[in-house]
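Read the structure below first, then the notes.
Per chain, numbering begins at 1; letters A, B, ... match sequence-line order.
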Protein chains: 2
Amino acid sequence: MTGPIPPLVTTSGTQGGPTDLTLTPTGERPALRADAARNRTRLLEAASHLMSECGAANLTMEAVATAAGVGKGTVFRRFGDRTGLLIALLDHREQQLQAAFLSGPPPLGPDAPALERLHAFGPALIRHERDHHELILAARTDPLRNYTVPANRLRHTHVKLLLRQAGAKGDTDLLAHTLLAAADTALVHHLTVERGMPLDRVEAGWHELLDRLARTS
Amino acid sequence: MTGPIPPLVTTSGTQGGPTDLTLTPTGERPALRADAARNRTRLLEAASHLMSECGAANLTMEAVATAAGVGKGTVFRRFGDRTGLLIALLDHREQQLQAAFLSGPPPLGPDAPALERLHAFGPALIRHERDHHELILAARTDPLRNYTVPANRLRHTHVKLLLRQAGAKGDTDLLAHTLLAAADTALVHHLTVERGMPLDRVEAGWHELLDRLARTS
DNA sequence: ACTTTAAACGGACTTCGGTCCGGTTGGACC
DNA sequence: GGTCCAACCGGACCGAAGTCCGTTTAAAGT
């Protein structure tokens, strides 16, 4: 990872000033040469396939390269590192969720009042994360990287905006972080799987927390 | 890591039922053979020394082993894996903080009202984590492991107990997780270092959050 | 002191992430 | 079509984590 600008996963979602009101999904990509683009999709398909067989934890870069019929160096050039590949896989699966809360029908989408959207967002997020917890946890090697991942920045901005629209008083930036932390994959997995807590209770926790954080007084 | 019971770092702090009211620090260890104990401290000292020279990120197991004058296998036998070694280093540095909130003077210690203790706990925790953020972040390879680390379980139980004593309504278990997440090393580091947020604001966020979570109505 | 055994030891070995660099090629511009 | 170059490709190579297993030893019992 010494290349000048390894065009990793994707930017966007939150590019310019902090008051950018129009959020966009994390899809766009910087324009790749034909062969590179072809190899990119091949690699993602190979990785996705291998993952469904061996599990995300056992996914090796060399295996992906071989399965895609390219050299190992190519994988690293394209995705930077193992985590980059996993994040790219995730990003693809996130499109659905993003579409749902950015432009989908109420109560998640923009045609519902902010507070209602937030209440709907929690369970949607929690379930999405639970569905992909294996991949998400495998992609979390570097604890700081989460805050850089476009999809997560998008979530944060989204929640922050909704909190403001809902008239929440206080440091909405921090409150958004707090709210998102309550739906964190690792936490939810720990609670539900390792400690046997029913998912309902976790979701109830979200609503309860939201009620307290969104107070307008 | 195939050994039957690699007696890793230490247990205790939260052993039995969930209503164990007397918390104890995370110091005790299962009793080691003389040579093993000797090598253990040698290893920790060597690791600590190497870390202060090269940084936690560049600490290699082989270097630690060599510096301590033992074989590589010995390091792994004792600490299980790299993370185990780092956690052991951390555990040692945590004793001070634990003593402060378990048995120290008010407002952190037991001679202050619960809510006041919680308010004092945040800044203490945040600063402690910032002082050791390098080690803490390096030790966080597996996102699920945090919830298993004795020191973190102790913190959680501590906060949960204080919330109850303060008369907080709601799911105190979840609320404790939320509160601790607000002081999480990775988050605080991201906010203060990468985003330039002043530490005061993060601490203010703790107090604000606590006020909302500890509501008794 | 002697035996015994579970525990500890060490270092060769395997595996995998990540780097490097010489060779190849898409595609823009003439 | 020809030239040119930035971007791409691949696989040898490196470093470090973690495993394995034959050898050594602390220490408990006799």
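Between dG10(C), dA26(D), dG26(C), one nucleotide has an atom nearer to the side chain of Val70(B) than all others, and that is dG10(C). Comparing dA7(C), dA17(D), dG17(C) against the side chain of Arg33(B) picks out dA7(C) as the nearest. In this structure, of dA8(C), dC8(D), dC16(C), it is dC16(C) that holds the atom nearest to the side chain of Thr60(A). Of the candidate nucleotides dG18(D), dC9(C), dC9(D), dC9(D) has the atom lying nearest to any side-chain atom of Asn39(A). The nucleotide whose nearest atom lies closest to any side-chain atom of Thr74(B) is, among dG18(D), dG18(C), dG10(C), dG10(C). Here dG11(D) is the nucleotide among dT25(D), dC9(D), dG11(D) with the atom lying nearest to any side-chain atom of Lys72(A).
At whole-Å resolution of the value, CZ in Phe76(B) and P in dT19(D) are 8 Å apart. Rounded to whole Å, atom P of dG10(C) lies 10 Å from atom CZ of Arg77(B). Atom C1' of nucleotide dA7(D) and atom CZ of Arg40(A) are separated by 16 Å, given to the nearest angstrom. Rounded to an integer number of Å, the gap from Arg82(A) CZ to dG18(C) P is 8 Å. Distance CD (Glu62(B)) to P (dT19(D)): 15 Å, rounded to an integer number of Å. Nucleotide dT19(D) holds its P atom 16 Å from the CZ atom of Phe79(B), rounded to whole Å. The nearest whole Å value for the distance from the CG atom in Asp81(B) to the P atom in dT19(D) is 8 Å. Rounded to an integer number of Å, the gap from CE of Met61(B) to P of dG10(C) is 14 Å.
The pair Glu94(A)-Arg155(A) counts as a salt bridge, with a side-chain nitrogen and a carboxylate oxygen less than 4.0 angstrom apart.
Atom-to-atom distance recorded for Asn146(B):CG and Arg140(B):CZ is 4.5 Å, nearest 0.5 angstrom.
The main-chain N or O of Leu135(B) is never found under 3.5 Å from a side-chain atom of Arg93(B) such that the two would form a donor-acceptor pair. Between the side chain of Gln95(A) and the backbone N or O of Asp91(A), at least one donor-acceptor pair lies under 3.5 Å. Between the side chain of His133(B) and the backbone N or O of Arg130(B) there is at least one donor-acceptor pair closer than 3.5 Å.
Remark: Arg78(B) is in phosphate contact with dC9(C), judged by side-chain N or O atoms under 4.0 Å from OP1 or OP2.
A centroid separation of less than 6.0 Å is found between the aromatic rings of Phe121(B) and His158(B).
Contact check of residues 41-59 of chain A against DNA chain C (heavy atom, cut-off under 4.0 Å) returns Leu59(A).
If you find the closest nucleotide of DNA chain D to Asp35(B) and to Gly73(A), the one lying nearer the 5' end belongs to Gly73(A).
Ring pair His177(A)/Tyr147(A) is perpendicular by interplanar angle, where above 60° counts as perpendicular and below 30° as parallel.
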